[in-house]
S.K.: 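First, the structure itself, so that you have it in front of you.
Residue numbering restarts at 1 for every chain, and letters A, B, ... go by the order of the sequence lines. Note that this is a predicted model, so its numbers are computed, not measured.
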Amino acid sequence: MSQPIITRFAPSPTGYLHIGGARTALFNWAFAKSQGGQFLLRIEDTDKARSTSDAIAAILKGMDWLGLKADAEPVFQSKQKDRHVEVAEQLLANGYAYRSFATDEEIEEIRNKARADGVAARYPGRDEPIADEFLDRCVLRFKAPIEGETKISDQVQGDVVIRNDQLDDLVLLRSDGSPTYMLAVVVDDHDMGITHVIRGDDHLTNCAKQIQIYNALQWDLPVFAHIPLIHGSDGAKLSKRHGALGAEAYKAMGYLPEGMRNYLAKLGWSHGDDEIIPTDKLIEWFDLAGINKAPARFDMAKLDHFNGHYVSTSSDDDLLSSLKSLIEDNVFTPELSYSSKLIDLDVLSSNLSFLKERSKTLIELLETAAYLFKSVPLEMDAKAEKALNKDGVTDILEGVCSKFTDLQQWNRDEIEGLLKDYASEHDLKFGKIAPPLRSALTGSMVSPGIYDVIHSLGRDEVLKRLQEVIKA
RNA sequence: GCCCCCUUCGUCUAGUGGUUAGGACGCAAGAUUUUCAUUCUUGAAACAGGAGUUCGAUUCUCCUAGGGGGUGCCA
């Protein structure tokens, strides 16, 4: 039996779960699932000054929304401190680390000199012991090899070779005794039995340093896969300006986790020409070989396209629960033109079949459904007003109104038949009667199909809205 | 500065020495239609540049340019 695959997503809790992090998490999750392995979550909070509990909560919520469930409780790196220190001391005992002290000015001088020489920095204490008086102010540095080179065998980047003289003596333990990220990742990945490290390629150079630590510890290396970063639409680093929002923000904008997953999966990974990749296919198809080496740009228009697909193909039940969750959050005030308090979930639920076909996001869907929750007198926009002011409109509305009153069965087919009959009886083109009806019923010239509108409103409301316009 | 990575239509990508360089989003035009959206059809649109290697390069090598990352007692 082969060794089970274990991956992890290891965000630092200094902000929300942004789009790049979400994709890294998705890749780790998809890879683990595709291999029948486990996906773990580790919160890298070794920098206590920058870590916040709000960020932890946001990341957890984001993961949850995206449907990326870890196979175990999250590991908090800060809680592994003792183990990190233990490993650091082992490194010191074996001659792979040294205590170092230098003032900020001295450090800067050392770096400037190293930079001028084109090599990485080395620090006091490396070759001779540090004076006793400084011992309590020392950091513990890794004594990185100077000769030779370090090779990263990366599943995405291929073999990347970096000369050892380019890799500096990083800090393992800060002067207050706390472990740094560089030490902690190595120890935690090892202790958690991580077999595949899939992360952003901003860690590529660091990876070489980490490999040196693995070697000093005589630990086996995990498989590395450094994926390119996501850029904004202008090619620059992703920022708030172009979509580097938290996962929660995408939920608020009406995106579905499925749509997000599909879009994110396609951003930097491909499976031939396949575009629509539902989650079960993603799990079936995902592989490291399909990951692209070039960075990708974030494109909202394509996200919309994928999302629209999932909105219109989701079952009404699934859609309703997403809608409920969105409405409960009540975070879309600026997105929606009316108060979410007016939304009647039962009404919404029974009309999802035609609403979902024309919406790319849930917000769009709710916007399309707005006419359902308005009450007379309706606010008319300019174009609707115009359609109602044409000659003969009142006659048409009155005629249709009385027909509606007598209609036996209030269903779509009957309504369609009624309207068509009315049109032919009065020798009117359908284009003459639909616009004023649409205006009177929705206050707008843009709406779902007129039969759906009429049917969804119900007889009472239809008559009420028509009469309101007729008497005006 | 030094080190590392990247470069196919506007965008996401397929491609792995010989293809009319394919698909998707978006865009344009047309069809359908009661509006909008959908759907359908059609169209415009790419191998960053330069040297090699080769009978033949989008594909292999090198250089240049551009972009990104690293170079922290951040992760």
S.K.: Record whether the side chain of A:Thr205 comes under 3.5 Å of the base of B:C3 through a donor-acceptor pair of N or O atoms.
M.R.: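 In this structure, the two groups form no donor-acceptor pair.
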S.K.: Report yes or no: do A:Gln212 and A:Thr150 form a side-chain donor-acceptor pair below 3.5 Å?
M.R.: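 There is such a pair (donor and acceptor under 3.5 Å, judged by atom type) between the side chains of A:Gln212 and A:Thr150.
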S.K.: Classify the side-chain pair A:Glu284/A:Ser34 by whether it contains a donor and acceptor separated by less than 3.5 Å.
M.R.: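 Looking only at side-chain atoms, A:Ser34 and A:Glu284 do not form any donor-acceptor pair under 3.5 Å.
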S.K.: What pairs with A:Ser270 under side-chain hydrogen bond (donor to acceptor under 3.5 Å, both in side chains), at least two apart in sequence or on another chain?
M.R.: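 If we apply the side-chain hydrogen bond (donor to acceptor under 3.5 Å, both in side chains) test to A:Ser270, skipping adjacent residues, there are no hits.
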S.K.: From CD1 of A:Ile454 over to P of B:U34, roughly how many Å is that when rounded to an integer?
M.R.: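 Computing the A:Ile454:CD1 to B:U34:P distance gives 14 Å.
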S.K.: Please enumerate all residues that pass side-chain hydrogen bond (donor to acceptor under 3.5 Å, both in side chains) together with A:Arg141, with sequence neighbours excluded.
M.R.: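 If we apply the side-chain hydrogen bond (donor to acceptor under 3.5 Å, both in side chains) test to A:Arg141, skipping adjacent residues, there are no hits.
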S.K.: Between A:Arg23 and A:Asp176, just flag the one whose closest nucleotide in RNA chain B comes earlier from the 5' side.
M.R.: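 Of the two residues, A:Arg23 wins.
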S.K.: Mark yes or no for whether A:Ser359, through its side chain, and A:Lys356, through its backbone, hold a donor-acceptor pair below 3.5 Å.
M.R.: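 No; judged by distance alone, with no hydrogens or angles, the pair does not exist.
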S.K.: Scan residues 262-271 of chain A against RNA chain B and write down, sorted by residue number, each residue with any heavy atom closer than 4.0 Å; if none is found, say none.
M.R.: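 Only A:Lys266, A:Leu267, A:Gly268, A:Ser270 qualify.
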S.K.: Any salt bridge between A:Arg111 and A:Glu109, counting N to O under 4.0 Å?
M.R.: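 Salt bridge: no.
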S.K.: Would one find a side-chain N or O of A:Asn292 under 4.0 angstrom from OP1 or OP2 of B:A14?
M.R.: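 Checking B:A14 against A:Asn292, a side-chain N or O does come within under 4.0 Å of OP1 or OP2.
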S.K.: Once you round it to whole Å, what is the distance between C1' of B:U59 and NZ of A:Lys293?
M.R.: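 Nearest whole value for this atom pair: 14 Å.
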S.K.: Find the distance A:Arg111:CZ to B:C73:C1' and express it as a whole number of Å.
M.R.: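 Going from A:Arg111 (CZ) to B:C73 (C1'), I get 9 Å.
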S.K.: So that I know where these two stand, are A:Phe286 and A:Phe27 an aromatic pair - ring centroids less than 6.0 Å apart?
M.R.: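 Centroid separation for A:Phe286 and A:Phe27: below 6.0 Å.
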S.K.: What about A:Arg50: does its side chain form a donor-acceptor pair under 3.5 Å with the base of B:C74?
M.R.: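 Yes.
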S.K.: Excluding sequence neighbours, so at least two apart, what forms side chain to side chain contact (heavy atoms under 4.5 Å, CB included) with A:Val187?
M.R.: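 If we apply the side chain to side chain contact (heavy atoms under 4.5 Å, CB included) test to A:Val187, skipping adjacent residues, the hits are A:Arg83, A:His84, A:Val87, A:Leu183, A:Asp191, A:Trp219.
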S.K.: If I take atom NE2 in residue A:His226 and atom C1' in nucleotide B:C6, what distance separates them, rounded to the nearest angstrom?
M.R.: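 A:His226 atom NE2 is separated from B:C6 atom C1' by 15 Å.
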S.K.: Determine the interatomic distance between C1' on B:G69 and the same-named atom on B:A75; round to the nearest Å.
M.R.: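 These two C1' atoms come out 14 Å apart once rounded.
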S.K.: Could you tell me whether A:Glu108 atom CD has more than 12 heavy atoms of other residues or ligands within 6.0 Å of it?
M.R.: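 Counting neighbours around CD of A:Glu108, 12 or fewer heavy atoms of other residues, nucleotides or ligands fall under 6.0 Å, so no.
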S.K.: I need the CE-C1' distance between A:Met300 and B:G10, as an integer number of Å.
M.R.: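 In whole Å, B:G10 C1' and A:Met300 CE are 18 Å from each other.
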S.K.: Of the residues in residues 141-150 of chain A, which ones touch RNA chain B at a heavy-atom distance under 4.0 Å?
M.R.: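 Hits under 4.0 Å, by residue number: A:Arg141.
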S.K.: Can you check the distance between B:U20 and B:U61, where both ends of the measurement are the P atom (answer in whole Å)?
M.R.: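 Those two atoms are separated by 25 Å.
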S.K.: Under a 4.0 Å N-O cut-off, is there an ion pair linking A:Asp176 with A:Lys48?
M.R.: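 Salt bridge between A:Asp176 and A:Lys48, a charged N being under 4.0 Å from a carboxylate O: yes.
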S.K.: Do A:Phe39 and A:Phe31 pass the ring-ring contact (aromatic ring centres under 6.0 Å, His included) test, and can you show the C-alpha distance, the side-chain angles, and the key distance before you say yes or no?
M.R.: CA-CA 9 Å; A:Phe39 167 65; A:Phe31 183 67; over 10 Å; no
S.K.: If you pin A:Ala294 and A:Gly118 to their nearest nucleotides in RNA chain B, which one's is more 5'?
M.R.: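 Result of the comparison: A:Gly118.
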S.K.: Could you report the tightest heavy-atom contact between A:Met445 and A:Pro435, atom names first, then the distance?
M.R.: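 Minimum heavy-atom separation between A:Met445 and A:Pro435: CE-CB, 3.8 Å.
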S.K.: Which atom pairs, donor and acceptor, lie under 3.5 Å between side-chain atoms of residues 254-268 of chain A and protein residues at least two apart or in another chain?
M.R.:
from: A:Tyr255; atom 1: OH; to: A:Asp304; atom 2: OD1; distance (Å): 2.5
from: A:Arg261; atom 1: NE; to: A:Leu66; atom 2: O; distance (Å): 2.8
from: A:Arg261; atom 1: NH1; to: A:Thr279; atom 2: OG1; distance (Å): 2.4
from: A:Arg261; atom 1: NH2; to: A:Leu66; atom 2: O; distance (Å): 3.4
from: A:Asn262; atom 1: OD1; to: A:Ile277; atom 2: N; distance (Å): 2.7
from: A:Asn262; atom 1: OD1; to: A:Tyr310; atom 2: OH; distance (Å): 2.5
from: A:Asn262; atom 1: ND2; to: A:Glu275; atom 2: O; distance (Å): 3.0
from: A:Tyr263; atom 1: OH; to: A:Asp299; atom 2: N; distance (Å): 2.7
from: A:Tyr263; atom 1: OH; to: A:Asp299; atom 2: O; distance (Å): 3.4
from: A:Lys266; atom 1: NZ; to: A:Asp274; atom 2: O; distance (Å): 3.2

S.K.: Which atom pair, heavy atoms only, marks the closest approach of A:Ser12 to A:Ile59?
M.R.: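 Heavy-atom minimum between the residues: O-CD1, 4.1 Å.
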S.K.: Are the ring centres of A:Tyr181 and A:His203 closer than 6.0 Å?
M.R.: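 Close enough - the centres of the two rings lie under 6.0 Å apart.
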S.K.: Could you note down all residue pairs passing salt bridge (Lys or Arg N to Asp or Glu O under 4.0 Å) where residues 158-175 of chain A supplies at least one of them, sequence neighbours left out?
M.R.: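 For residues 158-175 of chain A, and leaving out neighbouring residues, the salt bridge (Lys or Arg N to Asp or Glu O under 4.0 Å) pairs sorted by first residue read A:Arg122-A:Asp169, A:Arg126-A:Asp169, A:Lys151-A:Asp159, A:Arg163-A:Asp165, A:Asp168-A:Lys209.
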S.K.: From CG of A:Leu183 over to P of B:A75, roughly how many Å is that when rounded to an integer?
M.R.: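 Result: 11 Å.
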S.K.: Go through B:C73, B:C36, B:C12 for me and flag the one nearest to the A:Val446 side chain.
M.R.: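 Closest nucleotide among those given: B:C36.
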S.K.: Using the P atom as the reference point in each nucleotide, state the distance between B:A51 and B:U41 in Å, no decimals.
M.R.: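 That atom pair is separated by 43 Å.
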S.K.: Output the residues of residues 432-440 of chain A in contact with RNA chain B, where contact means a heavy atom of the residue under 4.0 Å from an atom of the strand; sort by number or write none.
M.R.: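 Nucleic-acid contacts, sorted: A:Ala434, A:Arg438.
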S.K.: Which residues in residues 385-399 of chain A have a heavy atom closer than 4.0 Å to any atom of RNA chain B?
M.R.: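 Under 4.0 Å from RNA chain B: no residue of residues 385-399 of chain A.
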S.K.: What residues from residues 151-173 of chain A pass a heavy-atom cutoff of under 4.0 Å to RNA chain B?
M.R.: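 The stretch gives A:Gln157, A:Val160, A:Val161, A:Ile162, A:Gln166, A:Asp168, A:Val171 as the residues lying under 4.0 Å from the strand, ordered by number.
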S.K.: From the set B:U34, B:C12, B:G22, return the single nucleotide nearest to any side-chain atom of A:Asp273.
M.R.: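 Nearest listed nucleotide: B:G22.
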S.K.: Please list, chain by chain and in numerical order, all residues satisfying side chain to side chain contact (heavy atoms under 4.5 Å, CB included) with A:Ile110, sequence neighbours excluded.
M.R.: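 If we apply the side chain to side chain contact (heavy atoms under 4.5 Å, CB included) test to A:Ile110, skipping adjacent residues, the hits are A:Ala121, A:Tyr123, A:Pro124.
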S.K.: Using a cut-off of less than 4.0 Å, is there contact between a side-chain N or O of A:Arg174 and OP1 or OP2 of B:A75?
M.R.: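 Result: yes.
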S.K.: Is there a donor-acceptor contact under 3.5 Å linking the side chains of A:Gln77 and A:Asp188?
M.R.: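 Yes, side-chain donor-acceptor contact under 3.5 Å.
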S.K.: Does A:Tyr451 have its ring centroid less than 6.0 Å away from the ring centroid of A:His455?
M.R.: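 No, they do not, as the ring centres are separated by 6.0 Å or more.
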S.K.: Check the distance between B:U35's P and A:Glu367's CD and give it to me in whole angstrom.
M.R.: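 In whole Å, B:U35 P and A:Glu367 CD are 21 Å from each other.
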S.K.: On a heavy-atom basis, which atom in A:Ile152 and which in A:Leu204 lie closest, and how many Å separate them?
M.R.: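 A:Ile152 and A:Leu204 have their closest heavy atoms at CD1-O, 3.3 Å.
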S.K.: Using both distances under 3.5 Å as the test, list the Watson-Crick or G-U wobble partner of B:U7, or none.
M.R.: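 When the pairing criteria are applied, B:A65 turns out to be the nucleotide that pairs with B:U7.
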S.K.: When you check every protein heavy atom under 4.0 Å of nucleotides 37-45 of chain B, what one-letter string (B, S, -) results, 5' to 3'?
M.R.: BS-------
S.K.: Roughly how many Å is it from CG in A:Asp202 to P in B:G68, rounded to a whole number?
M.R.: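 The answer, rounded to whole Å, is 14 Å.
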